[in-house]
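Before any comments, here is the structure.
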Amino acid sequence: MIEKILIANRGEIAIRVIKTCQSLGIKSVAVYSDEDINSRHVKMSSEAYHIGQASSSQSYLNMEKIVEVALKSGADAIHPGYGFLSENADFADLCEKKKLNFIGPSGKSMRLCGDKMLCKDAMAKAKVPTVPGSPGIVEEVEKALDIAHEIGYPVLLKSVFGGGGRGIRLVHDEKELRQAFDLASGESKAAFGKSALFVEKFLPKIRHIEFQLARDTHGNTVHIFERECSIQRRHQKLIEMSPSPVVDQKTRDEIGQLAVKAAIAVDYRNVGTAEFLRLDDGAFYFIEINARLQVEHPVTELVSGLDLVKLQIDIANGKEIPFKQKDLKVNGCAIECRINAEDTFLDFAPSTGLISDVNIPSGPGVRVDTYLFSGCTVSPYYDSLMGKLITWGESFEESRERMRIALSDFYIEGVETAIPLYKTILDSKEFIKGDLSTDFLDRFKILDRLREDMSKEISEKTDAALAAGIIHSEFLKNKIKTQKDHGVGWKSQLGMT
Amino acid sequence: MIEKILIANRGEIAIRVIKTCQSLGIKSVAVYSDEDINSRHVKMSSEAYHIGQASSSQSYLNMEKIVEVALKSGADAIHPGYGFLSENADFADLCEKKKLNFIGPSGKSMRLCGDKMLCKDAMAKAKVPTVPGSPGIVEEVEKALDIAHEIGYPVLLKSVFGGGGRGIRLVHDEKELRQAFDLASGESKAAFGKSALFVEKFLPKIRHIEFQLARDTHGNTVHIFERECSIQRRHQKLIEMSPSPVVDQKTRDEIGQLAVKAAIAVDYRNVGTAEFLRLDDGAFYFIEINARLQVEHPVTELVSGLDLVKLQIDIANGKEIPFKQKDLKVNGCAIECRINAEDTFLDFAPSTGLISDVNIPSGPGVRVDTYLFSGCTVSPYYDSLMGKLITWGESFEESRERMRIALSDFYIEGVETAIPLYKTILDSKEFIKGDLSTDFLDRFKILDRLREDMSKEISEKTDAALAAGIIHSEFLKNKIKTQKDHGVGWKSQLGMT
Amino acid sequence: MEITTGYDIKMEFKIENQEKKLDADILKISSNSEYLLKIQGKEQNLKIINMTAEGIEFMLDNTYHFAKYLENTTAKMTLVVDGVKITFDKHSELDKIVYKNSGVESSMDSQISLKSQIPGRVVSINVAVGDNVKKGDVVCVLESMKMQISIKSHKDGVIKTMKIKQGNSVAKNDVLVEIE
Amino acid sequence: MEITTGYDIKMEFKIENQEKKLDADILKISSNSEYLLKIQGKEQNLKIINMTAEGIEFMLDNTYHFAKYLENTTAKMTLVVDGVKITFDKHSELDKIVYKNSGVESSMDSQISLKSQIPGRVVSINVAVGDNVKKGDVVCVLESMKMQISIKSHKDGVIKTMKIKQGNSVAKNDVLVEIE
């Protein structure tokens with residue numbers, strides 16, 4: 001049985017895993033780079049080890065070093081979190097070789113999930129429908145052009161190594177495809193050392209709906225409902241929720257069974273996610289399996305009552321999943337907003353620096369997973385996710401209301417965030433009626449509305465701001481008076497009567 | 001429909017009510033005494049009005065002033081919270097007279113609940129079993145002695161105006177009864193202007209189990225499960241949970257129906273609580289109806305998914321309860337620990353002052369209802385409840401584990417609390433197996449165990465404390481060196497080589 | 001602070017990027033913490049709950065507000081009021097006096113410099129000194145938080161100076177190149 | 001702070017109400033933030049993360065700790081380590097020197113005074129000057145947080161002075177009466 005887990009990650013997900021370790025009485029081992037010694041995951045863990053320089057390749061991606069620390073500290077298992085080494089099959093293999101229990105799928109299964117082309121084949125055999133596109137990797141731009149011509153523009157150019165929306169480009173014509181091919185190739189080489197691109201039909205006004213999966217070493221497989229993740233920017237998720245407004249129990253059963261089939265097809269182990277696209281006509285296409293715990297797992301936890309990290313540890317311990325598909329019922333509704341350090345008005349460009357002040361919301365139905373504290377730093381070396389605000393309600397409406405208030409209570413000083421954007425989205429009639437799609441922001445010109453909302457908010461606070469402004473001047477003058485002159489009244493000093 | 005609610009209360013419950021107002025888009029009006037201008041309920045409300053001096057009788061108990069502010073501010077309803085005016089029938093009547101919607105039962109119903117003797121009669125008629133004791137109020141100590149002699153010592157001396165365990169005294173013989181009668185009389189006169197005591201059989205090793213009730217103006221009545229509140233000190237609740245470890249679904253249905261009968265017997269309106277004692281043999285005796293929202297209502301919210309303040313507002317608006325008894329299912333388990341400003345080792349005597357630092361726990365399944373912030377003050381003028389820590393889990397064990405960790409994360413500097421005591425209770429095998437009773441602390445000598453646990457905790461932190469101690473000396477010496485002498489090394493200055 | 005009656009201080013403000021002039025006026029200081037103000041023509045009572053150099057908590061006509069002072073120069077004042085950031089352009093002779101005395105100066109932005117609006121590492125540079133560039137042309141590519149971001153020229157012109165090298169780290173507001 | 005080798009500072013501590021002597025020793029200061037300590041005979045590495053006059057965050061042999069300094073006098077040091085309050089009696093000549101220089105003095109508790117351990121309002125007084133009292137006799141009744149609490153004599157003796165009147169408010173640690 002697992003007694004000590006090394007968490008090969010940082011930020012909010014490392015903290016999330018530590019919380020479950022604490023409640024199970026399992027010791028946690030944190031690792032940190034030069035940049036992270038003052039981080040919360042270091043402070044909360046039972047033990048913490050320095051593993052290298054700030055750059056990920058020198059620290060959180062350094063497999064050998066992490067395994068060395070795991071062995072030195074006496075950890076018997078490794079939790080990879082998401083990102084970094086979480087979907088690195090070589091790392092999973094290395095752990096196995098060193099007799100460290102890797103909390104996730106086998107390297108073999110991970111390779112199958114990670115290779116979009118092999119995975120597509122496996123799904124075809126299992127009769128799980130996938131999106132039309134190139135049958136394999138496209139090495140030459142000319143080949144890509146042929147396929148695009150065949151299936152028709154617009155098409156998506158994707159990287160096999162992508163994930164979480166990274167490395168996906170929408171192109172409308174030949175010229176764009178040529179440019180995008182070069183750029184995508186470059187990015188992929190910079191990040192992964194090699195490039196492997198493929199082409200897929202672009203489907204308009206789609207929803208991104210995914211199913212949470214769990215599969216144990218005894219072959220028991222369940223899905224834990226869907227998550228709708230259609231509110232995105234640049235193909236990366238911003239807002240997620242469970243249940244989806246367009247998934248009824250019949251659809252949930254039906255697509256959930258496809259997800260279960262997909263998990264079996266790749267001999268999946270532990271918890272994972274089957275991602276689907278849903279068209280306006282109700283058709284679902286499988287896209288990929290994310291072979292790890294997802295960023296957005298808390299919404300599933302809130303509507304299922306499960307602790308998914310605990311479930312991961314149980315499965316890694318060889319236990320059977322302690323419930324059956326029929327025992328699971330969706331309870332209420334949960335919404336998550338990702339709190340990224342990004343400037344909405346600069347096309348979501350990164351925003352980093354010292355967090356001089358932070359207020360974290362709380363209250364009934366409110367959960368916040370975050371690494372933030374007043375005085376912490378948001379580093380440019382790692383991704384922009386500072387935390388997640390999740391609210392639960394008996395109904396969609398209650399969870400939305402609670403989210404709306406929690407967003408207003410969330411104050412972060414030092415970096416830009418999408419919190420104002422989320423308020424605008426949550427207030428929009430389209431969001432309220434569930435008219436979601438991955439192009440939601442563009443389709444409803446949300447950024448224009450955001451500008452309006454922000455000036456309205458400013459109008460509402462103008463009186464108070466003017467009051468604070470004039471009192472501040474008084475205060476300053478009195479300070480100056482006190483410093484400069486104790487005999488003469490400050491009014492005469494400033495030329496007043 | 002209610003659009004603006006004045007909250008005739010302070011502290012955590014005022015904040016709790018404001019949170020629901022915010023989520024429903026209802027404006028909130030706070031009131032505050034001289035002592036409370038810097039309080040969180042003032043800061044969170046839409047509007048806040050000063051109503052008088054620190055003493056409750058000059059502020060939070062000043063009915064006329066509160067009604068005046070309600071009318072001035074344009075509020076259309078009043079939420080009384082708990083304590084203060086919440087069970088004052090005259091106040092409910094006054095509100096009605098001034099066309100203010102009082103969010104609670106009618107004055108008439110409240111009088112019936114508040115008069116323990118009339119209530120006992122009503123229950124006899126409704127066939128709800130009650131505890132043996134004096135048939136009515138006992139005005140003379142001699143009469144009390146007669147009844148005690150008849151039903152046999154030990155007996156409880158109770159005040160009709162009591163509540164939440166206040167004004168209850170256990171006496172073992174004639175001498176104690178005489179002393180207690182004088183003291184109880186005095187306290188009651190000081191607090192309520194008059195005294196009205198009665199005598200009840202003392203039942204040994206009892207559990208305190210209560211049922212949450214809701215009844216609308218259309219006569220629909222439901223119970224929302226039980227809460228076990230057996231961990232007490234001086235007859236006041238410390239830890240509450242739902243469900244109770246000794247209530248199965250059959251018992252829940254059965255006693256729940258008694259609670260519903262009790263609510264109908266007093267023509268109850270809005271949410272309330274029917275309190276029962278449970279003997280070791282499984283017998284339940286009704287004790288009283290608390291005609292208000294209880295301190296411990298969050299545990300019911302967490303296992304039912306309901307927002308009870310929202311339900312209160314809906315009922316006050318004349319709406320029907322939007323669910324039936326059969327729709328309600330207990331989901332998981334919730335535990336609450338009351339965070340009082342009290343010194344466990346001084347017999348839970350009050351501890352007040354400036355809170356120089358506070359850390360409020362958070363995480364999956366953790367909810368904290370509190371007025372605390374760093375820099376706030378715990379006032380001696382009001383009761384000692386600073387907040388409530390509530391945890392939810394899929395099972396009792398999960399909620400207990402989460403509570404255990406959250407308690408360790410809860411840091412309050414400036415006053416004493418029972419947090420260390422709660423850790424000892426939660427770790428005890430008796431609590432884990434559910435062997436609860438109102439004399440739990442004495443029966444298992446918990447305070448002795450607490451002393452042991454505290455010295456064990458100190459041992460575990462001794463190395464770190466020694467390290468911090470010696471580094472601090474280094475730091476101080478360097479500061480002194482810097483201040484006093486820039487040329488000579490500090491070591492030589494201090495006589496070192 | 002002494003209690004003063006018949007007291008009158010007026011200040012004019014303008015919200016950044018808005019035309020309308022706003023005025024605030026202290027009519028009376030009733031006590032150490034209570035003021036009668038006239039804001040945009042309407043009398044309002046202000047009571048200070050807490051006040052430090054960083055911020056002020058106050059009741060304005062029975063509603064609580066918390067304002068933090070983020071920045072205060074001769075020309076601008078940035079506040080966060082109840083979580084909402086507001087920047088004022090200031091128009092008060094009085095205030096200028098205060099600031100001249102306290103030695104705070106404002107700085108001028110140059111039109112020549114192309115600054116980075118984000119922190120990051122320089123992945124590639126697409127121009128050299130002497131090159132002609134048009135507004136919108138990519139000048140260099142930065143990497144930050146695992147993303148590659150193209151930095152485009154803000155004007156037509158000729159590259160005069162390069163302030164960066166490939167592999168350099170740049171902070172927010174650092175000058176990348178100068179274009180004339 | 002200079003980097004020093006062959007460096008040796010030793011301090012002795014005793015946990016309040018415990019007999020055992022504990023010792024801590026700085027063996028080496030490796031850098032501005034890294035120390036080699038010997039604590040109760042065992043060598044441990046300490047790395048400072050943050051340090052202010054109020055507290056210190058540090059790693060001790062790969063485990064994080066946060067210690068706040070609540071009180072520090074010649075004789076006593078009270079810390080809160082990871083939320084656990086620990087009071088040391090100090091036994092270091094060195095430290096005494098430091099404190100003599102910094103002018104901090106310790107105070108002596110009088111055995112005569114009966115102090116209130118809680119804040120509250122005096123509801124009734126049960127004794128007068130000159131009365132004989134026995135240990136445990138009720139001296140007065142205080143009201144606090146809606147409860148009435150009897151304050152009992154801590155010793156046998158005669159009431160010498162009354163420091164309270166009915167209706168007075170008293171703070172924690174205020175002297176109520178003096179008994180000789």
Side-chain angles (χ1 to χ4, degrees), chain B residues 56 83 166 183 186-187 190-191 234 340-343 346-353 356-357 359 379-384 408-411 413 419-420 454-455 457-480 484 489 491 493-496, chain D residues 1-2 9-11 13 15 18 22-26 29 35 37 39-40 42 44 46 48 51 53 55-56 58 60-61 63 65 67-70 72 77 79-86 88 90 92 94-95 97-99 101-102 117-121 123 143-149 169 172:
Chain B
S56 302
R166 270 197 208 94
L183 260 176
E187 253 184 52
R234 267 197 270 116
N340 297 320
E342 292 175 350
D343 190 338
L346 278 178
D347 195 24
F348 299 96
S351 172
T352 62
S356 44
D357 193 8
N359 181 61
S379 165
Y381 284 99
Y382 314 110
D383 79 18
S384 61
S408 294
D409 287 349
F410 211 149
Y411 178 66
E413 191 174 285
I419 290 172
M454 288 176 82
S455 42
E457 236 183 3
I458 287 177
S459 303
E460 284 166 7
K461 298 296 177 189
T462 297
D463 278 12
L466 289 169
I470 196 160
I471 297 292
H472 189 47
S473 304
E474 276 301 281
F475 177 68
L476 271 180
K477 276 176 298 195
N478 277 283
K479 264 180 51 176
I480 291 168
K484 288 202 179 170
K491 284 189 290 182
Q493 191 200 353
L494 291 168
M496 294 179 65
Chain D
M1 190 182 288
E2 71 254 67
I9 293 190
K10 198 163 191 158
M11 281 180 73
F13 296 90
I15 292 176
Q18 291 187 8
L22 307 168
D23 52 72
D25 211 343
I26 299 184
I29 301 185
Y35 293 73
L37 305 182
I39 295 174
Q40 301 197 60
K42 195 183 149 212
Q44 301 193 48
L46 181 141
I48 296 175
M51 176 143 146
I56 175 172
F58 61 101
L60 189 65
D61 270 1
T63 299
H65 299 282
K68 285 192 73 166
Y69 305 112
L70 289 195
N72 201 352
M77 178 190 272
L79 304 102
V80 178
V81 182
D82 305 329
V84 177
K85 198 192 266 190
I86 298 182
F88 286 126
K90 292 194 290 188
S92 159
L94 192 64
D95 232 57
I97 296 165
V98 172
Y99 278 97
N101 289 343
S102 65
Q117 294 188 281
I118 56 161
R121 199 172 55 83
V123 175
E143 189 178 274
S144 182
M145 288 177 160
K146 298 186 192 162
M147 278 180 285
Q148 301 206 350
I149 295 125
S169 285
K172 188 173 170 171

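Quick note on labels: first sequence line is chain A, next is B, and so on, each numbered from 1.
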For the residue pair D:F58 and D:H65, does the interplanar ring angle fall in the parallel (under 30°), tilted (30 to 60°) or perpendicular (over 60°) class?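 Aromatic pair D:F58/D:H65 classed tilted.
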Whatever's closer than 4.5 Å to a heavy atom in chain B on D:K68 counts as side chain
Given heavy-atom pairs under 4.5 angstrom as the criterion, report whether the side chain, backbone, both or neither of D:V123 touches chain B.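 It is neither, since no heavy atom gets under 4.5 Å.
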Atom of B:P420, atom of B:M454 and distance for their closest heavy-atom approach: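 Closest heavy-atom pair between B:P420 and B:M454: CB-SD, 4.3 Å.
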Report which part of [X] has an atom under 4.5 Å of a heavy atom belonging to chain D: side chain, backbone, both, or neither.
X	result
B:S356	neither
B:E460	neither
B:L346	side chain

Quick check against the 3.5 Å criterion: does B:N359 have a side-chain atom that pairs as donor or acceptor with the backbone of B:D409? yes
Taking B:A468's backbone N and O only, do any of them form a donor-acceptor pair with D:Y69's side chain (distance below 3.5 Å, no angle check)?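 The answer is yes, because a donor-acceptor pair under 3.5 Å joins these two groups.
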Side chain to side chain, B:Y381 and B:S56, heavy atoms closer than 4.5 Å: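 Result no, sub-4.5 Å side-chain heavy-atom pair not found.
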With respect to chain B, which residue among D:D82, D:L37, D:I56 yields the maximal number of heavy-atom pairs within a distance under 4.5 Å? D:D82
Interface check, chain D: of B:T352, B:I419, B:L183, B:D347, most non-hydrogen pairs under 4.5 Å belong to B:T352
Using the rule given for side-chain contact (heavy atoms from CB on, under 4.5 Å), can you reason through B:H472 versus D:L79, listing the C-alpha separation, both sets of side-chain angles and the distance that settles it, and then say yes or no? CA-CA 11 Å; B:H472 189 47; D:L79 304 102; over 6 Å; no
